[in-house]
Amino acid sequence: MPGYAVLATHSTAQAAPEQGAASAVVQLLDEAGAAQGPAVVLSGDQLAGFVRDVEARRPRWVWARTADWYPGLLAAGCTVERACDLALSRTILRHSTAAAETGYTVGLRSGEADREDADPAALPPARIPENQDALFSEPRDERTSVEAVAAEFLEQQRAVPATPRGRRLQLLLAAESAGALVAAEMRHHGIPWRPDVHEALLAGALGPRVAPGARPARLEEVAVELRAALRAPGLNPDSPQELLRALHRVGVDAKSTGQWELREYSHPALEVLQRYKKLSRLHTANGWAWLDAWVHDGRFRPEYVVGGVVTGRWASRGGGALQIPHTIRDAVRPDDGHLLVVADAAQLEPRILAALGRDNGLADAARGRDLYQGIADQGFGGDRSHAKIAMLGAMYGSTTGEAGRLMPQLTRTFPQAIGVLERAARTGEAGGVVGTYLGRCSPAASERWLAGQRATSAEEQRRADGAARTRGRFTRNFVVQGTAAEWALCWLAEIRLRLRAARAAGRDDGELVFFLHDEVMLHVPAEAAERVSAMVQEAAERAAVLMFGRIPVQFPVGVVVVGSYADAK
DNA sequence: ACGGGCCGCGCG
DNA sequence: AAAGCGCGCGGCCCGT
């Protein structure tokens with residue numbers, strides 16, 4: 001019974017099956033990390049079949065990058081239950097203060113390792129190719145051999161101490177790797193997208209389709225209207241500079257053409273400009289060109305970048321997957337006989353803050369579905385909008401305006417929770433590192449930043465103080481955003497486990513197809529929708545217990561079953 | 001002609 | 001109501 005199955009491109013101990021052929025090597029390890037038999041050398045077309053056979057024994061797969069191996073396996077119809085992504089784990093461990101005493105991070109954490117020009121010899125297996133094609137054409141670098149991958153895995157295991165902090169870090173590593181599997185699977189399945197609905201929507205707003213580079217009829221009409229309203233016949237409305245000059249000429253003395261600033265001014269042209277910008281945005285960001293580039297065979301398959309944000313949130317590459325505007329969400333439609341289950345965590349970050357601060361008052365406020373009303377009832381005389389401004393301002397580090405004025409009131413009402421934020425801010429301002437609940441750490445202050453803090457002149461001091469406050473706002477937000485991202489990873493992993501369990505029991509409960517920070521979408525057979533809705537709720541409860549144990553903070557999830565993503569909110 | 005930086009706006 | 005956090009992307013702008 002193998003504990004682990006290590007997958008790599010080659011072995012330093014064995015020759016490839018034939019020169020130049022795509023190949024892979026699998027080495028089974030027992031629970032203690034000892035090799036079980038010799039490594040198995042496979043040609044590319046043997047790989048998926050072999051993985052499927054080994055998967056029946058439920059090992060934990062260990063590979064350099066999930067994104068290098070799993071898409072190919074999925075394409076061959078093969079899924080795995082559990083895997084360890086060494087690159088993602090390495091990034092977390094390298095910055096972790098919990099792993100700092102164990103040796104794994106020695107010589108890696110003092111800012112050196114983060115620089116591109118750092119000595120590569122000082123790093124663990126580096127230069128892992130971006131994708132499988134590159135892998136097979138790479139020279140057989142011994143740092144990507146199955147022996148090296150196994151060695152790094154064991155080294156990473158040893159880097160996690162057997163302490164409460166270490167166990168949380170272990171959970172983070174597991175959740176991050178599970179996330180990598182989910183990301184590959186979501187891309188494989190794709191978001192169901194109806195090009196006909198999208199095109200109808202574009203035609204309705206912009207007019208008939210035009211060639212790339214041309215301005216659609218409706219957009220050109222608004223441009224003509226705008227030029228008239230600004231009395232600027234030659235105006236290119238896409239040029240912020242020309243626009244600003246034209247605005248100045250009609251008495252709008254704004255410093256930029258951003259909508260938040262123009263809101264302060266009153267002029268008949270501003271409404272026209274607003275309409276132009278909305279239409280232009282639709283055309284350039286999510287118009288016909290976008291549809292051609294990103295939607296194929298009725299699916300939008302964005303690439304998710306797990307851990308792409310320092311806080312642990314995902315990023316995406318291609319198609320702006322995490323910015324699908326509400327205006328085009330109607331094009332997201334389930335296949336025949338299917339429905340979309342869309343779930344989002346209600347006011348996740350303040351609830352996370354309540355958990356971080358073990359703040360019973362805030363936990364009480366979070367009891368109901370509407371946390372901000374709860375806060376309002378406890379400390380703001382029932383004024384929900386004040387409560388929301390104050391809480392968001394506290395988490396983002398707002399000091400001015402209404403949010404600033406409301407802060408003392410918030411601090412008096414929830415001293416434990418606000419204390420967490422203030423401590424994180426002070427640490428960041430002083431150049432220190434903060435960590436999430438599970439132990440993802442913020443980046444260390446750069447040499448450049450530290451040098452800036454050693455100010456001499458008054459002007460330099462002013463800039464240094466500004467830089468310190470900026471960093472403080474980042475670390476303040478990091479603990480909340482990062483811990484929320486951890487909760488979301490656990491939620492995803494729990495959902496995935498339940499979908500696999502259903503499948504193993506002979507049920508089709510559908511697939512995860514989209515994830516957006518605190519929101520998930522599943523594409524499910526219609527008859528499964530109610531069952532899956534309940535499952536997603538249960539997974540959320542389980543995620544909270546997994547992370548925080550039994551605490552009095554609730555993490556309610558809003559779930560809707562819809563026939564169009566536009567109906568989800 | 002190319003590309004890095006900035007602006008502006010979409011999402012949470 | 002305020003403009004405080006984290007991103008990606010398309011277009012413009014300007015240096016090379």
Side-chain angles (χ1 to χ4, degrees), chain A residues 212-213 215 236-244 254-264 273-274 276-287 289-290 293-294 302-305 307-329 344-350 352-353 372 380 383-407 421 424-425 428 434 436 442-443 466 469-485 488 514-520 565 569:
Chain A
R215 199 175 265 148
N236 171 14
D238 296 322
S239 163
Q241 292 185 9
E242 285 185 40
L243 210 46
L244 199 58
K255 296 189 301 297
S256 81
T257 63
Q259 57 189 2
W260 70 93
E261 195 183 338
L262 293 181
R263 199 168 294 176
E264 303 298 313
L273 176 58
Q274 178 72 4
Y276 180 86
K277 287 188 171 197
K278 282 269 182 284
L279 278 185
S280 173
R281 172 82 193 176
L282 174 63
H283 176 232
T284 57
N286 297 102
W290 182 91
W294 300 111
E303 181 182 355
Y304 299 94
V305 186
V309 182
V310 282
T311 58
R313 275 187 174 182
W314 292 9
S316 71
R317 251 195 308 261
L322 306 187
Q323 306 133 255
I324 300 171
H326 290 96
T327 48
I328 62 162
R329 292 190 176 185
D344 77 308
Q347 302 122 3
L348 178 58
E349 293 191 354
I352 288 290
L353 180 60
Y372 292 122
F380 293 85
D383 187 332
R384 186 183 187 278
S385 70
H386 275 183
K388 186 174 178 180
I389 289 164
M391 183 50 83
L392 291 175
M395 291 189 299
Y396 290 154
S398 177
T399 55
T400 59
E402 191 156 15
R405 284 197 298 280
L406 294 168
M407 270 303 290
L421 298 171
V434 298
T436 59
S442 66
R469 280 193 297 275
T470 296
R471 192 164 191 280
R473 286 194 299 274
F474 167 65
T475 51
R476 168 195 292 272
N477 189 248
F478 182 96
V479 296
V480 180
Q481 187 183 116
T483 306
F514 188 53
F515 170 58
L516 181 57
H517 308 319
D518 60 1
E519 173 180 333
V520 297
Y565 188 23
K569 260 189 232 176

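Sequence lines set the chain letters: A, B, ... in the order given, protein chains first and strands last, and positions in each chain run from 1.
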In whole angstrom, give the distance that lies between atom CE of A:Met391 and atom C1' of C:dC5.
-> 15 Å
What's the closest nucleotide to the A:Thr284 side chain, out of C:dC5, C:dG10, B:dG10?
-> C:dG10
Do the side chain of A:Asn477 and the main chain of A:Met395 share a donor and acceptor less than 3.5 angstrom apart?
-> yes
Scan A:Gly404 against the nucleic acid and name what it touches under 4.0 Å (heavy atoms): base, sugar-phosphate only, or nothing.
-> nothing
5'-most contact on DNA chain C: A:Ala403 or A:Asn477, nearest heavy atom basis?
-> A:Ala403
Where the side chain of A:Pro325 is defined as all heavy atoms beyond and including C-beta, which of C:dC5, B:dG10, C:dC12 is the nearest nucleotide?
-> B:dG10
Would you name the heavy atoms of A:Thr436 and A:Phe478 that are closest together and state the gap between them?
-> CG2-CE2, 3.8 Å
Compare side-chain N and O positions of A:Ser256 against OP1 and OP2 of B:dG8 and report whether any pair is under 4.0 Å apart.
-> yes
If you check the A:His517 side chain, which of C:dG8, C:dG10, C:dG6 turns out closest?
-> C:dG6
Heavy atoms under 4.0 Å, any strand shown: does A:Val480 hit a base, just sugar-phosphate, or nothing?
-> nothing
Which part of the nucleic acid does A:Arg263 contact within heavy-atom distance under 4.0 Å: base, sugar-phosphate only, or nothing?
-> base
Side-chain donor or acceptor of A:Arg476 under 3.5 Å from a matching atom on the base of C:dG4?
-> no
Using atom CD of A:Glu303 as one end and atom P of C:dG8 as the other, report the distance to the nearest whole Å.
-> 12 Å
Sugar-phosphate, base or nothing in reach of A:Ala315, heavy atoms under 4.0 Å | sugar-phosphate
Kindly give the heavy-atom pair with the smallest separation between A:Arg476 and A:Ala425, and that separation in Å.
-> NH2-CB, 3.6 Å
d(CD, A:Glu264; P, C:dA1) in whole Å = 13 Å
Mutual orientation of the aromatic rings belonging to A:Tyr565 and A:Phe514 [parallel < 30°, tilted 30-60°, perpendicular > 60°] | perpendicular
Specify the separation, in whole Å, of atom CZ of A:Arg471 and atom P of C:dG6.
-> 11 Å
A:Pro240 side chain: which of C:dA3, C:dC7, B:dG8 is closest?
-> B:dG8
Hey, does A:Thr327 reach any base, or is it just sugar-phosphate, or nothing, if we go heavy atoms under 4.0 Å?
-> nothing
If C:dG4 has a Watson-Crick or G-U wobble mate with both distances under 3.5 Å, name it; if not, just say none.
-> none
Which one, C:dG4, C:dG6, B:dC9, comes nearest to the side chain of A:Ser398?
-> C:dG4
Check every strand shown and say whether A:Lys569 touches a base, only sugar-phosphate, or nothing at a heavy-atom separation below 4.0 Å.
-> sugar-phosphate
In whole angstroms, how far is the P atom of C:dA3 from the NZ atom of A:Lys255?
-> 13 Å
Please evaluate the base of C:dC7 for a donor-acceptor partner in the side chain of A:Arg313 within a cut-off of under 3.5 Å?
-> no
For C:dG4, is chi within 90° of 0 (syn) or not (anti)?
-> syn
Report which part of the nucleic acid A:Gln259 touches: base, sugar-phosphate, or nothing (heavy-atom distance under 4.0 Å, all strands).
-> sugar-phosphate
Classify the nucleic acid contact of A:Leu348 as base, sugar-phosphate or nothing, counting any heavy atom under 4.0 Å across all strands shown.
-> nothing
Determine the minimum heavy-atom distance between A:Trp314 and A:Gly307, stating which atoms define it.
-> CD1-N, 3.9 Å
Verify the contact: side-chain N or O of A:His326 to OP1 or OP2 of B:dG12, cut-off strictly under 4.0 Å; return yes or no.
-> yes
Presence of A:Arg473 side-chain N/O under 4.0 Å of C:dG4 phosphate oxygens OP1/OP2 | no
Do A:Gln481 side-chain and C:dG6 base share a donor-acceptor contact under 3.5 Å?
-> no
Ranking C:dC12, B:dG8, C:dA1 by distance to the side chain of A:Arg281, first place goes to B:dG8
Mind running side chain to side chain contact (heavy atoms under 4.5 Å, CB included) on A:Thr257 and A:Lys277 for me, showing each step along the way?
-> CA-CA 11 Å; A:Thr257 63; A:Lys277 287 188 171 197; 3.7 Å; yes
Main-chain N/O of A:Val480 paired to A:Glu349 side chain as donor or acceptor, under 3.5 Å | no
Side-chain contact check for A:Trp260: nearest option of C:dG6, B:dC7, B:dC9 is B:dC9
Length of the line joining A:Gln274:CD and B:dG10:P, which is rounded to integer Å | 8 Å
Looking just at side-chain N and O atoms, do A:His386 and A:Glu402 make a donor-acceptor pair shorter than 3.5 Å?
-> yes
Sugar-phosphate, base or nothing in reach of A:Ser316, heavy atoms under 4.0 Å = sugar-phosphate
In whole angstrom, give the distance that lies between atom CZ of A:Arg317 and atom C1' of C:dC9.
-> 14 Å
Do any side-chain nitrogens or oxygens of A:Ser280 fall under 4.0 Å of OP1 or OP2 in C:dG11?
-> no
Nearest-angstrom distance from the residue atom CG of A:Leu322 to P of C:dC7 | 12 Å
So does A:Gln241 get a side-chain nitrogen or oxygen closer than 4.0 Å to the phosphate oxygens (OP1/OP2) of B:dC6?
-> no
Check every strand shown and say whether A:Gly308 touches a base, only sugar-phosphate, or nothing at a heavy-atom separation below 4.0 Å.
-> nothing
Given B:dC9, is OP1 or OP2 found less than 4.0 Å from the side-chain N or O atoms of A:Lys277?
-> yes
Just compare B:dC11, C:dA2, C:dG6 and give me whichever is closest to any side-chain atom of A:Gln323.
-> B:dC11
